[in-house]
Amino acid sequence: MPHPLTPPLRPRPSAVLALRPELQPWLFPPSAQAQLEHMVALFGPISPAGASPPPVEALQQVEVLVGSWGIPVLDRGWLDAMPNLRVVLYAAGTVRGFVTDEFWRRGIQLSTAATANAGPTAIFAEAMILLALKHTWFYLREKITVWPQLADTASSGVHASTVGIIGLSRVGRHVIKALQRHELNILLYDPTVTAQEADHVGVTLCDLRTLFATSDVVSLHAPLLPQTTGMIGGKHLRVMKPHATFVNTARGALVNEAEMIAILQARPDLTAVLDVTETEPTPADSPLRRLPNVVLTPHLAGARHRELALLGRVVLEELSRYLAGQPLAWAVDQAAAARMA
Ligand SMILES: NC(=O)C1=CN([C@@H]2O[C@H](COP(=O)(O)OP(=O)(O)OC[C@H]3O[C@@H](n4cnc5c(N)ncnc54)[C@H](O)[C@@H]3O)[C@@H](O)[C@H]2O)C=CC1
Ligand SMILES: O=C(O)C(=O)CO
């Protein structure tokens with residue numbers, strides 16, 4: 001699909017791509033690359049760590065920095081090298097890994113494609129949740145090919161089930177919306193959300209313990225912040241219903257992994273579907289790799305391959321706005337960035 005670009009309204013600025021080289025054709029497929037090159041002069045890529053940066057004279061001209069995974073940390077050194085930098089357009093999600101206090105002090109604008117990245121992440125989470133509600137993970141691991149008389153797995157099924165969502169984040173909102181197409185109950189834990197907001201979204205706000213104790217599936221969508229690190233532990237997982245499933249497509253460090261492993265060992269009826277773990281890739285000697293009731297995927301929920309063009313499109317649309325002197329649609333300021341995943 002061609003990217004919806006408007007022609008530049010003023011002379012093109014210099015831009016630099018700070019991308020892992022292998023991402024470039026996916027983020028900006030050939031049709032989009034031609035448009036991008038029409039609008040900006042490309043130097044780069046800067047990255048990954050250790051690769052040689054563009055020539056100093058080129059960096060001095062840079063007004064627009066297009067980044068994605070692999071962008072360098074924008075510390076004083078990089079910022080001094082790009083004195084004309086006015087805007088960073090980030091073709092990925094979380095920005096906290098590369099913005100610094102010095103970055104904010106310089107008044108540079110920042111825009112992120114986190115909202116576009118939430119779509120693919122939520123599709124994956126929804127799929128994992130629905131499969132869990134049908135007890136698919138259990139049947140797969142037991143290699144059960146004859147439909148059992150279901151007295152033993154009475155909670156199975158999507159209709160009238162209860163799903164607990166942790167975090168009314170970008171991803172969490174998408175997942176809730178997708179699940180609302182089905183007739184099921186949705187509980188929400190999010191300390192930043194009022195009962196009124198929850199009502200508006202069509203979910204029931206509750207505390208974490210109630211959410212774990214009453215949900216058939218719990219899906220984690222909170223941001224990793226100092227205050228959320230290790231927020232899920234044994235005391236939550238222990239009270240899960242028989243045959244319940246815990247899905248984590250957010251961040252491994254939100255969960256106390258040692259406590260989770262202990263509960264999964266003690267409760268073989270539970271399933272954990274983990275797209276993320278504390279250390280990635282999940283270490284070869286991690287019990288998570290051996291536990292039969294753990295489904296591991298390699299951090300693939302977010303935009304990958306063809307889906308990356310969704311993020312590239314956001315960057316190109318933002319670039320058009322910037323060149324036209326319009327406000328960025330997906331700008332984040334320092335306060336918003338601190339609350340982000
Ligand atoms: N597996 C993957 O490939 C991907 C994973 N992610 C992860 O998914 C998660 C959600 O990402 P986004 O939707 O962009 O997050 P976000 O930046 O939208 O999250 C912020 C929101 O989280 C909620 N929140 C804040 N504190 C909370 C708490 N203590 N408990 C529960 N909720 C709280 C608030 O509603 C806040 O507005 C993050 O952990 C992110 O790193 C995101 C994209 C891809
Ligand atoms: O960008 C992110 O936050 C991811 O987890 C990778 O898609």
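Only this structure's heavy atoms are used, side chains among them; waters, hydrogens and symmetry mates stay out. Both counts, for ligands and for their atoms, begin at 1 and track the order of listing.
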Identify the closest protein heavy atom to [atom]: which residue and atom is it, and at what distance?
atom                    : result
atom 3 (O) of ligand 1  : G302 N, 2.8 Å
atom 22 (O) of ligand 1 : P223 CD, 3.1 Å
atom 13 (O) of ligand 1 : V171 N, 2.8 Å
atom 9 (C) of ligand 1  : A222 O, 3.6 Å
atom 10 (C) of ligand 1 : H221 O, 3.4 Å
atom 4 (C) of ligand 2  : H299 NE2, 3.4 Å
atom 8 (O) of ligand 1  : A250 CA, 3.6 Å
atom 14 (O) of ligand 1 : R170 NH1, 3.6 Å
atom 32 (N) of ligand 1 : G167 CA, 3.3 Å

Near [X] [atom1], under 6.0 Å, is it more than 12 heavy atoms from other residues, nucleotides or ligands?
X    : atom1 : answer
R96  : CZ    : yes
Q196 : CD    : no
Q227 : CD    : yes

Do [X] and [Y] have side-chain heavy atoms sitting under 4.5 Å apart?
X    : Y    : value
P120 : L310 : yes
N84  : V62  : no
L85  : V87  : no
L308 : L23  : yes
R76  : T100 : no

Of the side chain and backbone of E307, name the one, both, or neither that has a heavy atom under 4.0 Å from an atom of ligand 2.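 Under 4.0 Å from ligand 2, E307 contributes no heavy atoms.
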Counting heavy atoms only, which part of R251 comes closer than 4.0 Å to ligand 2: side chain, backbone, both or neither?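 For R251, the contact with ligand 2 is made by the side chain alone.
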Taking only heavy atoms of [X] into account, list the atoms of ligand 1 that are under 4.0 Å away from them.
X    : result
M231 : 30 (N)
N117 : 43 (C), 44 (C)
T249 : 1 (N), 2 (C), 4 (C), 5 (C), 6 (N), 7 (C), 8 (O)
Y189 : 30 (N), 31 (C)
T121 : 4 (C), 43 (C), 44 (C)
T228 : 28 (C), 29 (N)

Would you call F124 a ligand 1 contact, heavy-atom distance under 4.0 Å?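 False for this residue.
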Less than 4.0 Å is my threshold; does some heavy atom of R173 fall inside it relative to ligand 1?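 No, that is not the case, since the closest heavy atom of the residue is not under 4.0 Å from the ligand.
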Using a strict 4.0 Å cut-off to heavy atoms of [X], name the atoms of ligand 2 that fall inside it.
X    : result
G302 : 7 (O)
N117 : 1 (O), 2 (C), 7 (O)
T94  : 3 (O)

Rounded distance (nearest 0.5 Å) linking atom CG of D216 with atom CG of L133: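 Those atoms lie 6.0 Å apart.
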Is the shortest distance from a Lys or Arg side-chain nitrogen in R267 or D269 to a carboxylate oxygen in the other one below 4.0 Å?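 Salt bridge present between R267 and D269.
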Considering only NZ, NE, NH1 and NH2 on the basic side and carboxylate oxygens on the acidic side, decide whether R290 and D285 come within less than 4.0 Å.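 Answer for the salt bridge query: no.
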What I want to know is whether [X] and ligand 1 share at least one N or O pair that is separated by under 3.5 angstrom.
X    : result
L168 : yes
P191 : no
D190 : yes
S169 : yes

Measure from atom 25 (C) of ligand 1 to every heavy atom in D275, T192, I166 and give the option owning the shortest one.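 Among D275, T192, I166, the closest heavy atom to atom 25 (C) of ligand 1 comes from T192.
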Option of least heavy-atom distance to atom 41 (O) of ligand 1 (set: R96, R251, H299):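 Among R96, R251, H299, the closest heavy atom to atom 41 (O) of ligand 1 belongs to R251.
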Same cluster or not: are V247 and L220 linked, directly or through other Ile, Leu, Val, Met, Phe, Trp or Tyr residues, by side-chain heavy atoms under 4.5 angstrom apart?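 Cluster IDs for V247 and L220 differ.
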Determine, using the 4.5 Å side-chain heavy-atom cutoff (strictly less than), whether L328 and L316 are members of one ILVMFWY cluster.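 Both belong to a single hydrophobic cluster.
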Just heavy atoms, cut-off under 4.0 Å: does A341 contact ligand 1 by side chain, backbone, both, or neither?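 Both backbone and side chain of A341 come within 4.0 Å of ligand 1.
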Criterion side chain to side chain contact (heavy atoms under 4.5 Å, CB included) against L65, the qualifying member of L89, L59, I71: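 Exactly one candidate clears the test, I71.
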Pick from N248, I232, L288: which one makes a side chain to side chain contact (heavy atoms under 4.5 Å, CB included) with M260?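 Only one of N248, I232, L288 forms a side chain to side chain contact (heavy atoms under 4.5 Å, CB included) with M260, namely L288.
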Can you list, pair by pair, the side-chain donor-acceptor contacts under 3.5 Å of residues 332-341, counting residues two or more places apart and other chains?
from, atom 1, to, atom 2, distance (Å)
D333, OD1, A335, N, 3.3
D333, OD1, A336, N, 2.8

Ignoring hydrogens and angles, write down the donor-acceptor pairs under 3.5 Å from the side chains of residues 173-181, residues two or more places apart or on other chains.
from, atom 1, to, atom 2, distance (Å)
Q180, NE2, V201, O, 2.8
Q180, NE2, G202, O, 3.4
R181, NE, A178, O, 3.1
R181, NH2, E126, OE1, 3.4
R181, NH2, E126, OE2, 2.7

